[in-house]
Amino acid sequence: MEVDKKLVKILRNIAILLQIKGENVFKANAYANAADIIESMQLDVRDLVRQGKLAEIKGFGEALVKKITEYVETGKISFYEKLTSEIPVELVTITKIPGIGPKKTKLLFETLGIKTIDDLEQACIDNKVAKIKGFSAKSQEIILNSIQHIKAWKGKKHQFACFQEANNIDILLKNIPEVIEHSLVGEMRRYSEIVSQVHFLVSTNENQKVIDYLQQQFNLILDGNVITFSTDEEIDVKIQLTEPKNYIWLLHNLTGSEKYINSFAKYFTETTSQPFNFEQFPLSNKVLKSESELFELLDLQYIPPELRENELAIIRAKEKAIPKLVSERDLKGMIHVHSSWSDGFNTIEQMANASRNLGFEYIVICDHSQTAKYANGLEPERVIQQHKEIDELNSKNIGIKILKGIESDILPDGSLDYDEDILKKFDVVVASVHSHFKMSKNEMTRRIIYAIMSPYTHILGHPTGRLLLSRESYEVDIKSIIEAASDYGKIIELNANPYRLDLPWEHIIYAKEKGVKIAINPDSHDTNSLTDVFYGVKFARKGWLEPNDVVNCLSHEEFLKYINSLGKS
DNA sequence: GCCGTTTTCGGCCCGACTGTTTTCAGTCG
């Protein structure tokens, strides 16, 4: 079963359009909330409607059940159709621009007739936006800047969003008899966090038959041996056909990044005295059977695809110094998960049971701290109550150990969010920035380093604050942060939420170089997203991490021992 | 629009920042 993404999108659009219309915010939120519930609980709405059980789920009242039933039965919601006839649905994209909410979107639409990002860009260029009350020359410039970012992100997708599509195509290719071999290449094979296309390489002797087969399924564009099309999810797919004798060579060359291939080409020429040819294997008398054979032939150690980003991979492969990278099987600890005590959907027990079922030995509950009011952060009294619940659960021996953690806000001055007497009650403190993002680089860096220096901090959470394809990292000197973590012996989080993947892999490499241990944390708010931790593992591999570098790979006893050895005085 | 009652209406997460404002609305996390 897959979540009905079209319905989720409609509900989210209704929420935004109602706000633009000026409706009650809480009414609008009811739709966004329903979309959140469907996604986080992975609801099969069709099944629920058929069984008449949708109304039993909290958040779905009479009106929503009626609309969703209509959707299941007819494929559309007349309320939504009427709404979009009054307010153009394109306006939803305008509200994605930071600093522009529903009210300003409405104002722009009513005064200048702005419907699209392109309209808005032109109006800024024509200096029309600055003249509207509520805007200024400065805000116009900020908007223009944001539009540049959005345009740069256009057509790009989060990697996790492309997995399903890649799988579907993979299965399809397997079923074409004329396909001899096939593989993902490019960004997807390298596990890049953002991808611009799903790219496959196919080995075949009968191009036309493969094309004919695919043509039955998709609306193809054909250019020589290259087939492209877009899916319903607007994911760009490219399928490249090749004769079997060049398959392995192309598999390698299409997988690496430009930087990597440049240094590979240089090395290739130095080693073989042959000019590098991207399309055809230059040692023409030889047909490669595998990538391993290719690396061996060049006296290089095998380079896993995710490391083929730059020259470093070639240097290390020459030295035979590519380590055994961390894998899913190595993880024992599920660190940094939220529960219904703050803004999570599930109880501690549910989160613990789900983690145990995934094979984990221990789980560290890290709900939000008291300042995070919007996330129902825990006041000191509720911390005590929560610890009581954890003690009771642990005494029942449910097959997984539950540790008492907290995700403490890092306050603007760099201090943690509780007094010492509360802080010392936690087994694990993850310290994260959740507010006051717009400090200067110096101030933000100083703030975070101050938090790292606290004897109660064990792990620095989502260190750059980036949200892939929607928010840039806050201004911070990340190298200094990593160096501070190294100096004070603190752990840095690799936030595995696929919208974050924060720390970026380039910095993970630096952290490893500095001897900083990494915690791969799902930051889950429901049981379904606990598996996000596995996206983190794939990303950690891009940062060259070995099991030894990752604290989740420690057993329960080893982890506690390690945590207790940090900073606490 | 949903929820939960000391049931059918009032509250819903709330505080801080930002920019334009001169007392605040809009946005954000």
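Below, read A as the first sequence line, B as the second, and so on, with proteins coming before strands; counting in each chain starts at 1.
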Residues from [range] lying under 4.0 Å of DNA chain B - heavy atoms:
| range | answer |
| --- | --- |
| residues 407-415 of chain A | none |
| residues 64-91 of chain A | L64(A), K67(A) |
| residues 102-120 of chain A | P102(A), K103(A), K104(A) |

Let me know the distance between [atom1] of [X] and [atom2] of [N], rounded to the nearest Å.
| X | N | atom1 | atom2 | value |
| --- | --- | --- | --- | --- |
| K133(A) | dA25(B) | NZ | C1' | 10 Å |
| I16(A) | dT27(B) | CD1 | P | 12 Å |
| I20(A) | dT27(B) | CD1 | P | 10 Å |
| I100(A) | dG19(B) | CD1 | P | 13 Å |
| F60(A) | dC3(B) | CZ | C1' | 14 Å |
| N33(A) | dG1(B) | CG | P | 14 Å |
| L11(A) | dG1(B) | CG | C1' | 12 Å |
| H462(A) | dG29(B) | NE2 | C1' | 11 Å |

Taking salt bridge (charged side-chain N to carboxylate O under 4.0 Å, His left out) as the cut-off, I'd like each qualifying pair that reaches into residues 109-123 of chain A, sequence neighbours left out, listed once.
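Matches after skipping sequence neighbours: D118(A)-K151(A), E121(A)-K151(A).
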
Return the 5'-most residue of the pair K138(A), K96(A) with respect to DNA chain B, ranking by each residue's nearest nucleotide.
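Checking each residue's closest nucleotide, the 5'-ward one belongs to K138(A).
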
DNA chain B: 5'-proximal contact among A55(A) and I97(A) (nearest heavy atom)
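Checking each residue's closest nucleotide, the 5'-ward one belongs to A55(A).
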
Excluding sequence neighbours, so at least two apart, what forms ring pair (Phe, Tyr, Trp, His ring centres under 6.0 Å) with [X]?
| X | result |
| --- | --- |
| Y418(A) | F426(A) |
| H434(A) | H368(A), H462(A) |
| Y510(A) | none |
| H436(A) | none |

Does the separation of the ring centres of [X] and [Y] fall below 6.0 angstrom?
| X | Y | value |
| --- | --- | --- |
| F345(A) | H525(A) | no |
| F539(A) | Y191(A) | no |
| Y71(A) | Y80(A) | no |

Find every protein N or O atom lying less than 3.5 Å from an N or O atom of nucleotides 12-15 of chain B, and list the pairs.
| unit_1 | atom_1 | unit_2 | atom_2 | d |
| --- | --- | --- | --- | --- |
| dC13(B) | O2 | K373(A) | O | 3.4 |
| dC13(B) | O2 | Y374(A) | O | 2.5 |
| dC13(B) | N3 | Y374(A) | O | 3.0 |

Salt bridge (charged side-chain N to carboxylate O under 4.0 Å, His left out) between R12(A) and D36(A): does it pass, once the steps are laid out?
CA-CA 9 Å; R12(A) 294 235 161 87; D36(A) 288 346; 2.8 Å; yes

Quick one: which residue pairs count as a side chain to side chain donor-acceptor pair (under 3.5 Å) with a foot in residues 528-539 of chain A, not counting sequence neighbours?
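As it turns out, the side chain to side chain donor-acceptor pair (under 3.5 Å) pairs with a partner in residues 528-539 of chain A, which skip direct neighbours, are D526(A)-S529(A).
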
Considering Watson-Crick and G-U wobble pairs with both distances under 3.5 Å, what does dT27(B) pair with?
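Its partner is dA16(B).
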
Cation-pi between K104(A) and F135(A): NZ/CZ under 6.0 Å from ring centre and within 45° of the ring axis?
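Output yes; distance and angle both within limits.
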
Look at the side chain of N495(A) and the backbone N and O of N497(A), then say whether any donor-acceptor pair between them is shorter than 3.5 Å.
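Yes, because the side chain of N495(A) sits within donor-acceptor range (under 3.5 Å) of the backbone of N497(A).
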
Could you measure between the two [atom1] atoms, the one in [N] and the one in [M], and give it in whole Å?
| N | M | atom1 | answer |
| --- | --- | --- | --- |
| dG26(B) | dT21(B) | P | 13 Å |
| dT18(B) | dT23(B) | C1' | 15 Å |
| dG11(B) | dA16(B) | P | 22 Å |
| dT8(B) | dG15(B) | P | 29 Å |
| dC2(B) | dT7(B) | C1' | 14 Å |
| dC3(B) | dC13(B) | P | 13 Å |
| dG10(B) | dT5(B) | C1' | 10 Å |

In a table with atom names and distances, give each donor-acceptor pair under 3.5 Å that connects a side chain of residues 58-66 of chain A to protein atoms at least two apart or in another chain.
none

S369(A) side chain to E407(A) side chain, donor-acceptor N/O pair below 3.5 angstrom:
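Distance-only check fails for S369(A) and E407(A).
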
Judged by modelled atom types alone, do E306(A) and W505(A) share a side-chain donor-acceptor pair under 3.5 Å?
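Checked: E306(A)/W505(A) side chains show no N/O donor-acceptor pair below 3.5 Å.
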
List for me each residue that meets side chain to side chain contact (heavy atoms under 4.5 Å, CB included) alongside P102(A), sequence neighbours excluded, and say none if there are none.
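With sequence neighbours excluded, P102(A) shows a side chain to side chain contact (heavy atoms under 4.5 Å, CB included) to Q19(A), I20(A), given in chain and number order.
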
Anti/syn call for dT7(B), syn if |chi| within 90°
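Here the answer is syn: the torsion falls within 90° of 0.
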
With heavy atoms under 4.0 Å as the rule, sort E62(A) into base, sugar-phosphate or nothing.
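It contacts sugar-phosphate atoms only.
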
Using a 4.0 Å heavy-atom cut-off, does S435(A) contact any base of the nucleic acid, only the sugar-phosphate backbone, or nothing at all?
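Contact class for S435(A): none.
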
Measuring to OP1 and OP2 of dA16(B), would you say a side-chain N or O of H436(A) lies under 4.0 angstrom away?
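For dA16(B), neither OP1 nor OP2 has a side-chain N or O of H436(A) closer than 4.0 Å.
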
